[in-house]
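Okay, so here's the structure we're looking at.
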Amino acid sequence: SVATLGAKASFSAGNLPPGAVVRVRVQEGSAASHQADVLVAADGTLSYEINPSLEGEHNVTVLDASGQALATARLNVMR
């Protein structure tokens, strides 16, 4: 996926455990990562909005309570 610097981008995932709380971690290039706990919808989906502050490749990972990756995505942020 591609996003524009300063604009919001949405990340969505499916086939997750309904009603579970998962952690969404966004790694912005070599900068520190940001994370948030998100509740999975009853249909097993989640949607998360990202507002990238740096150009480059960002990695988005959805983790379960034990830290295991459930979903991953890459986001390229450009001017």
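There is a side-chain donor-acceptor pair under 3.5 Å between His34 and Glu28.
The shortest distance between side-chain heavy atoms of Glu55 and Arg79 falls below 4.5 Å. Between Met78 and Leu5 there is no side-chain heavy-atom pair separated by less than 4.5 Å. Annotation: side chain of Val26 is not in contact with side chain of Asn59 (no heavy-atom distance under 4.5 Å). At least one side-chain heavy atom of Val62 sits under 4.5 Å from a side-chain heavy atom of Leu46.
A side chain to side chain contact (heavy atoms under 4.5 Å, CB included) with Tyr48 is found for one member of Val60, Val38, Val22 and no other, namely Val38.
Contact between Ala32 and Gln27 at its shortest, heavy atoms only, is C-NE2, 4.1 Å. When all heavy atoms are compared, the tightest approach of Leu54 to Ala31 is CD1-CB, 3.4 Å. When all heavy atoms of Leu70 and Pro17 are compared, the pair lying nearest together is CD1-CD, 4.3 Å. Taking both residues in full, the closest heavy atoms of Ala3 and Ala9 are given as CB-CB, 3.9 Å, listed atom of the first, atom of the second, then distance.
Thr61 OG1 to Arg74 CZ: the interatomic distance, rounded to the nearest 0.5 Å, is 9.5 Å. One distance of note links OG of Ser53 with NE2 of His58; it measures 6.0 Å at 0.5 Å rounding. With rounding to the nearest 0.5 angstrom, the CG atom of Asn76 is 11.5 Å from the OG1 atom of Thr4.
When the salt bridge (charged side-chain N to carboxylate O under 4.0 Å, His left out) test is applied to Asp37, the partners found at least two apart in sequence or on another chain are Arg23.
Residues Leu63 and Val40 do not share a hydrophobic cluster, clusters being chains of Ile/Leu/Val/Met/Phe/Trp/Tyr side chains in contact below 4.5 Å.
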